[in-house]
Structure formats: structure tokens, C-alpha cells
Amino acid sequence: NAGVTQTPKFQVLKTGQSMTLQCAQDMNHEYMSWYRQDPGMGLRLIHYSVGAGITDQGEVPNGYNVSRSTTEDFPLRLLSAAPSQTSVYFCASSSTSYNEQFFGPGTRLTVL
Amino acid sequence: AQSVTQPDIHITVSEGASLELRCNYSYGATPYLFWYVQSPGQGLQLLLKYFSGDTLVQGIKGFEAEFKRSQSSFNLRKPSVHWSDAAEYFCAVGTLSGGYNKLIFGAGTRLAVHP
């Protein structure tokens with residue numbers, strides 16, 4: 001099993017550009033999440049999904065969209081990138097609501 | 001509001017010394033508590049978790065943590081640190097909402113190990 005995979009590993013955008021961060025898991029997990037990590041702030045939840053077709057907002061959802069058309073994939077879309085979205089983004093999945101969340105390796109995004 | 005505080009931003013210990021990383025949480029209900037470790041350039045790996053039962057929990061890599069409800073604490077300990085333990089450590093509390101266990105993370109403690 002590859003676990004949780006994320007692409008790309010690094011990305012540089014200009015303000016106003018759009019892009020999609022990809023996340024996939026091969027563990028058949030129902031629950032998936034996106035977090036952003038900023039220095040001195042730990043990880044903060046952006047959006048999450050409790051199953052295919054079901055998504056909800058986390059702590060810092062503004063500027064981000066998600067959808068979940070399959071169990072395996074949970075892409076994160078930035079519609080119009082802003083410098084405040086410069087961060088490291090982590091995707092995670094878990095088999096149940098209470099179980100351990102497995103994290104991907106992260107995507108480092110810089111918005112100029 | 002729910003929150004997690006890790007009072008120590010950086011800690012340096014000598015290899016072989018004991019280690020304690022502090023974590024305090026604020027949550028009204030019974031907490032689900034976690035410690036994760038992040039090596040440079042990597043994702044997060046679960047060290048241990050507390051859901052209920054024995055308040056002293058054992059994890060991987062020789063780590064343990066003790067849940068103290070009266071102090072709202074969940075401190076991480078290791079009796080003898082190895083150089084490979086140098087990493088950033090995150091405490092998190094799970095807050096059940098809408099059928100999902102949302103994790104709230106502390107800001108992290110960066111551990112350096114001197115030979």
C-alpha cells in the first residue's frame with residue numbers, strides 16, 4: 001500500500017492563479033481531511049469529508065474548495081491564490097472518525 | 001473554545017537523557033488525545049493516543065504519555081532519548097463535531113538532541 005499520496009511536492013504560484021492539490025489514499029478510508037501548517041501555529045483543518053459526496057468546512061476554509069467524488073481522492077482547489085495561502089498542505093485519512101489519521105508527505109506551496 | 005498549548009517551542013537534550021514534552025488542552029467533554037511526530041520534510045506519524053481507560057499510554061519508539069484530567073494535561077515522556085528522536089512533536093485533541101473527530105493541534109515542540 002502507498003498510503004496517502006500528495007502531488008505536487010512543491011509549487012510556486014502567482015497571485016490570482018488557480019490550482020488543485022491532489023490527494024489520494026489506497027486504504028479504503030471513509031474520512032479524509034486537508035490541513036495547512038504554518039510556522040508557530042501547528043496544523044489547522046481546512047476541509048474534511050466523511051465519505052464520497054460529503055464534505056464540510058473546517059477551521060480555515062476561506063479561499064479553498066473541495067469535492068469528493070470517489071472514496072480514494074480528495075482534491076483541494078485554490079480558485080484565486082493569495083500570498084496568505086503560502087503554507088505546507090497536508091492531506092490525511094482515517095478508517096473511522098475516532099481512529100488514527102494517516103498523513104501524506106505534504107505539498108509546499110508558495111504564492112508570490 | 002477548544003485549544004491545545006505546548007509551552008515549549010524548542011527543547012534541547014543530550015542523547016541518553018530523559019525527556020518530557022508538555023501539553024495542556026482546553027476541551028469541555030472527555031478528550032481524545034494524540035501525540036504526533038514530524039521529521040524534517042515529512043508528514044506526521046502517530047506516536048500514541050488516549051481515548052479512555054488507563055491514563056498511562058504506551059506508544060511507538062519507546063514513548064509514553066500520561067493523561068491527567070485534573071491538570072488538563074497529556075505530557076509525553078521518554079526515559080532515554082536517541083539522536084533519531086530529533087524532530088517536531090505535536091499534541092492534538094480530537095473534538096467530535098458533525099460525526100467527525102476534528103483534530104486541534106498545538107503549535108509544536110521542536111526537539112534537538114546533542115550527542
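A note on names: the letters A, B, ... follow the listed sequences, proteins ahead of strands, and every chain is numbered from 1.
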Linking I/L/V/M/F/W/Y whenever their side-chain heavy atoms sit closer than 4.5 Å, directly or via other members, would A:Val4 and A:Tyr89 fall into one cluster? no
What is the minimum heavy-atom distance between B:Asn101 and A:Gln101, and which atoms define it? O-NE2, 3.6 Å
Are B:Trp35 and B:Ile104 linked, directly or through other ILVMFWY residues, by side chains that come within less than 4.5 angstrom of each other? yes
If you define the side chain from C-beta out and look only at heavy atoms, does anything of A:Gln37 sit under 4.5 Å from B:Phe105? no
So for B:Ile9, is it side chain, backbone, both, or neither that comes closer than 4.5 Å to the heavy atoms of chain A? neither
Which portion of A:Leu45 sits near chain B, non-hydrogen atoms under 4.5 angstrom: side chain
Could you check whether atom CZ of A:Arg108 has more than 12 heavy atoms from other residues, nucleotides or ligands sitting under 6.0 Å from it? no
Describe, in one word, how the ring planes of A:Phe103 and B:Tyr36 are oriented to each other, choosing from parallel (under 30°), tilted (30 to 60°) and perpendicular (over 60°). perpendicular
Find out if a path of hydrophobic residues (ILVMFWY) with successive side-chain heavy-atom gaps under 4.5 Å connects B:Phe34 to B:Phe63. no
Candidate pair A:Tyr35 and B:Leu44, rule side-chain contact (heavy atoms from CB on, under 4.5 Å), full reasoning: CA-CA 11 Å; A:Tyr35 296 85; B:Leu44 276 71; over 6 Å; no
Of the listed residues (A:Tyr31, A:Phe90, A:Tyr48), which shares the most heavy-atom pairs with chain B below a 4.5 Å separation? A:Tyr48
Kindly work out whether a path of hydrophobic side-chain contacts (I/L/V/M/F/W/Y, heavy atoms less than 4.5 Å apart) joins A:Leu43 to B:Tyr27. no
Toward chain B, the part of A:Gln6 with a non-hydrogen atom under 4.5 Å: neither
Let me know if B:Phe90 has heavy atoms under 4.5 Å from chain A in its side chain, its backbone, both or neither. side chain
Linking I/L/V/M/F/W/Y whenever any side-chain heavy atoms sit under 4.5 Å apart, do B:Val81 and B:Val37 land together? yes
Distance check, rounded to the nearest 0.5 Å: A:Ser94 atom OG versus B:Leu46 atom CG? 11.5 Å
Side chain / backbone / both / neither for B:Gln45 at chain A, heavy atoms under 4.5 Å: neither
Just give me the residue among B:Cys91, B:Gly108, B:Ala107 that pairs up with chain A most often, heavy atom to heavy atom, under 4.5 Å. B:Ala107
